[in-house]
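First up is the structure itself, then whatever we jot down about it.
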Amino acid sequence: MARAKIALIGSGQIGGTLALLAGIKELGDIVLFDIADGVPQGKALDIAEAAPVEGFDANVSGASSYAAIQDADVVIVTAGVPRKPGMSRDDLLGINLQVMEQVGAGLKKYAPNAFVICITNPLDAMVWALQKFSGLPANKVVGMAGVLDSARFRYFLAEEFKVSVEDVTAFVLGGHGDTMVPLTRYSTVAGIPLTDLVKLGWIEKDRLEEIVQRTRDGGAEIVNLLKTGSAFYAPAASAIVMAESYLKDKRRVLPAAALLDGQYGVKGRYIGVPVVIGANGVERILEIELNKAEQAMLDKSLASVESLVEACVKIAPALGA
Ligand SMILES: NC(=O)C1=CN([C@@H]2O[C@H](COP(=O)(O)OP(=O)(O)OC[C@H]3O[C@@H](n4cnc5c(N)ncnc54)[C@H](O)[C@@H]3O)[C@@H](O)[C@H]2O)C=CC1
Ligand SMILES: O=C([O-])CC(=O)C(=O)O
């Protein structure tokens, strides 16, 4: 059977890491695309030269023309700019929206059947615009953020409780911004909800709230340390899990930005929710019960995403049609 084809649009920090992980996991042949001449070609050659050492077989190539993504099975989009210290993700909207228009046209022409995972920030608005620009079906266009935000929450909790990260589950919903919603009631250690662990005296409520806030600020924490860009290892690993679930029809239940059609009272907007990812892309959107406080946090997050979508429509009125 022919190998799957994975196209990476954007070959910067995340794009390069995606290519290496996709190679090591033998997910398929890999095409790196970028407008920076020589970068996708150089990274592709470097990764291809790691193949004999790591023992994986894959064709890894670099390109500066969209024709190279022809008939890709999976496309992961990181094209655009990352933020620097002092900036919010939302400050990237104007420049990255223009990039999404180009990427959308490339997808429409060369990879209309692909499963597309958008990573570019501000995530929820960019994946919404990308789906519109590309015209691809909504079940085939998702945004990566929830897996990353949940992984950060899991890591901080595992560190706090001194237990394996494998025994911690977490769900972070909502937009990928300061208003994201880490759900303590649906996050667990060994299956025990965090809210019960507070009652059992494992952790003080205030300490848990500090960890929740650190999760919300997880991206900025790394931006402030790196100074020249943003996180890339964990974001790449998170998108690879989503790609793998699609390619292997694993039907993982993962938090991802999906186009809602009435769920959570939202229609026509992308926002982070639990979804099932299988061979048909987003196969199901899970609508979990939220209490008043959780719903209020989600509503705040939705309002923030809505204002970004409105800003996109102001710049590109065709998106509103
Ligand atoms: N959704 C999430 O959870 C996360 C999102 N991000 C976002 O991902 C994006 C990429 O981050 P990095 O890889 O660290 O940035 P980077 O700057 O290392 O790479 C971006 C690449 O995009 C390329 N590019 C720019 N305009 C392009 C165009 N029109 N067509 C094709 N390629 C183009 C650049 O040449 C560069 O190589 C940023 O917007 C960042 O904010 C980063 C981390 C997590
Ligand atoms: O914080 C940023 O700008 C990058 C990002 O989205 C993250 O790491 O969560």
Side-chain angles (χ1 to χ4, degrees), residues 7-20 31-44 62-66 68-69 75-107 117-127 129-130 133 142-153 155 172 174-178 180 182 214-242 254-257 270-272 305:
L8 307 173
I9 305 199
S11 305
Q13 297 283 51
I14 304 178
T17 311
L18 286 168
L20 182 62
V31 177
L32 286 135
F33 169 92
D34 205 288
I35 48 163
D37 190 36
V39 171
Q41 294 84 355
K43 289 197 178 183
S64 311
S65 153
Y66 273 104
I69 73 162
V75 178
I76 309 181
V77 179
T78 60
V81 291
R83 63 172 158 161
K84 296 211 167 71
M87 293 171 78
S88 101
R89 295 179 182 92
D90 302 354
D91 297 332
L92 308 171
L93 184 138
I95 182 155
N96 285 349
L97 183 63
Q98 286 175 24
V99 176
M100 290 306 101
E101 187 164 9
Q102 295 165 20
V103 177
L107 288 172
I117 303 169
C118 179
I119 302 184
T120 303
N121 271 322
L123 190 269
D124 307 86
M126 291 303 101
V127 65
L130 184 64
F133 283 134
V142 282
M144 188 295 292
V147 176
L148 171 66
D149 297 327
S150 302
R152 286 180 174 147
F153 197 21
Y155 169 66
V172 179
H176 183 56
D178 302 340
M180 71 178 73
R214 188 177 178 197
T215 303
R216 288 200 189 98
D217 297 336
E221 185 175 356
I222 291 183
V223 167
N224 290 333
L225 287 166
L226 293 179
K227 297 180 188 73
T228 53
S230 51
F232 51 100
Y233 294 116
S238 302
I240 288 290
V241 161
M242 296 168 71
L254 300 166
Y270 273 82
I271 190 106
V305 171

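Note that ligands are numbered from 1 as they come in the structure, with each ligand's atoms numbered from 1 the same way.
Near Gln102, with a cut-off below 4.0 Å to any heavy atom, the atoms of ligand 1 are 28 (C), 29 (N). Those atoms of ligand 2 that come under 4.0 Å of a heavy atom in His176, given as number and element, are 5 (C), 6 (O), 7 (C), 9 (O). Short contacts between ligand 1 and Phe33, defined as distances under 4.0 Å to a heavy atom of the residue, involve ligand atoms 31 (C). Near Leu148, the atoms of ligand 1 lying under 4.0 angstrom from a non-hydrogen atom of the residue are 3 (O), 44 (C). Near Gly219, meaning under 4.0 Å from one of its heavy atoms, ligand 2 places the atoms 1 (O), 7 (C), 8 (O), 9 (O). The atoms of ligand 1 that sit less than 4.0 Å from any heavy atom of Asn96 are 39 (O). Residue His176 approaches ligand 1 through these ligand atoms, each under 4.0 Å from one of its heavy atoms: 1 (N), 2 (C), 3 (O). Heavy-atom proximity to Leu92, at under 4.0 Å, picks out these atoms of ligand 1: 41 (O). Residue Ser230 approaches ligand 2 through these ligand atoms, each under 4.0 Å from one of its heavy atoms: 2 (C), 3 (O), 4 (C). Close approach of ligand 2 to Ala231 is summarised as follows: ligand atoms under 4.0 Å from at least one heavy atom of the residue are 8 (O).
Note that the CE atom of Met144 and the CG atom of Leu254 stand 11.5 Å from one another [nearest 0.5 Å]. Taken from CD1 in Ile76 to CD1 in Ile117, the straight-line distance is 4.5 Å, to the nearest 0.5 Å. Atom CG in Leu92 sits 11.5 Å away from atom CG in Leu123 (nearest 0.5 Å). Remark: Tyr270 OH to Met126 CE distance equals 13.0 Å, nearest 0.5 Å. Here Ile222 contributes atom CD1 and Arg152 contributes atom CZ; the two are 5.0 Å apart, rounded to the nearest 0.5 Å. Interatomic distance, CG of Leu107 versus CG of Leu130, reported as 5.5 Å (0.5 Å rounding).
The protein non-hydrogen atom at the shortest distance from atom 41 (O) of ligand 1 is Asn121 ND2, 3.0 Å. Closest to atom 8 (O) of ligand 2 among all protein heavy atoms lies Arg152 NH2, 2.8 Å. Closest to atom 8 (O) of ligand 1 among all protein heavy atoms lies Ile14 CD1, 3.6 Å. Nearest to atom 38 (C) of ligand 1 among the protein's heavy atoms is Val81 O, 3.3 Å. Looking from atom 26 (N) of ligand 1 to the surrounding protein, the closest heavy atom is Ile35 CD1, 3.5 Å. With respect to atom 19 (O) of ligand 1, the closest heavy atom belonging to the protein is Gly12 CA, 3.3 Å. For atom 10 (C) of ligand 1, the closest heavy atom belonging to the protein is Thr78 O, 3.1 Å. The protein heavy atom nearest to atom 34 (C) of ligand 1 is Asp34 OD1, 3.5 Å. Looking from atom 32 (N) of ligand 1 to the surrounding protein, the closest heavy atom is Ala79 CB, 3.4 Å. In terms of protein heavy-atom proximity, atom 2 (C) of ligand 2 is nearest to Arg83 NE, 3.2 Å.
Every heavy atom of Met87 sits 4.0 Å or more from the atoms of ligand 2. Residue Ile119 places a heavy atom under 4.0 Å from ligand 1. The closest approach between any non-hydrogen atom of Val99 and ligand 1 is below 4.0 Å. Residue-ligand proximity: Gly80 is placed with a non-hydrogen atom under 4.0 Å from ligand 1.
Tyr155 meets the side chain to side chain donor-acceptor pair (under 3.5 Å) test with Glu159; sequence neighbours excluded.
The residue from Gln13, Met144, Glu101 that puts a heavy atom closest to atom 16 (P) of ligand 1 is Gln13.
Here Pro82 has heavy atoms under 4.0 Å from ligand 1 in both its backbone and its side chain. Neither the backbone nor the side chain of Glu221 has a heavy atom within less than 4.0 Å of ligand 2. Counting heavy atoms under 4.0 Å from ligand 2, residue Asn121 touches it through the side chain alone. Heavy atoms of Ala231 found under 4.0 angstrom from ligand 1 belong exclusively to the backbone. When non-hydrogen atoms are compared, ligand 2 lies under 4.0 Å from the side chain of Leu148 (C-beta onward) but not from its backbone.
The minimum heavy-atom distance linking Val99 with Ala79 is given by the pair CG1-CB, 3.6 Å. Shortest non-hydrogen contact noted between Val31 and Ala63 is CG1-CB, 4.5 Å. Residues Ala234 and Leu148 share a closest heavy-atom pair of CB-CD1, 3.6 Å.
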For the pair Leu18 and Ile240, evaluate side-chain contact (heavy atoms from CB on, under 4.5 Å) and give the outcome as yes or no after the intermediate values. CA-CA 7 Å; Leu18 286 168; Ile240 288 290; 3.9 Å; yes
Stepwise side-chain contact (heavy atoms from CB on, under 4.5 Å) test for Thr120 and Met100: CA-CA 9 Å; Thr120 303; Met100 290 306 101; 3.6 Å; yes
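For the pair Asp149 (side chain) and Arg216 (backbone), a donor-acceptor distance under 3.5 Å is absent. Between the side chain of Ser230 and the backbone N or O of Val223 there is no donor-acceptor pair closer than 3.5 Å. Within the 3.5 Å criterion, the main-chain N or O of His176 finds a donor-acceptor partner in the side chain of Asp124.
For ligand 1, the polar-atom distance check finds no N/O of Thr120 at less than 3.5 Å from any of the ligand's N/O atoms.
Surrounding CG of Asp178 are at most 12 heavy atoms belonging to other residues, nucleotides or ligands under 6.0 Å away. Remark: Ile95 CD1 is loosely packed, at most 12 non-hydrogen atoms of other residues, nucleotides or ligands lying under 6.0 Å away.
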Pair up each side-chain donor or acceptor in residues 32-44 with any protein partner under 3.5 Å, not counting sequence neighbours, and list the distances.
from  : atom 1 : to    : atom 2 : distance (Å)
Asp34 : OD1    : Ala36 : N      : 2.8
Asp34 : OD2    : Ser11 : N      : 2.6
Gln41 : OE1    : Gly38 : N      : 3.1
Gln41 : NE2    : Ser64 : OG     : 3.2
Lys43 : NZ     : Ser11 : O      : 3.1
Lys43 : NZ     : Gly12 : O      : 2.9

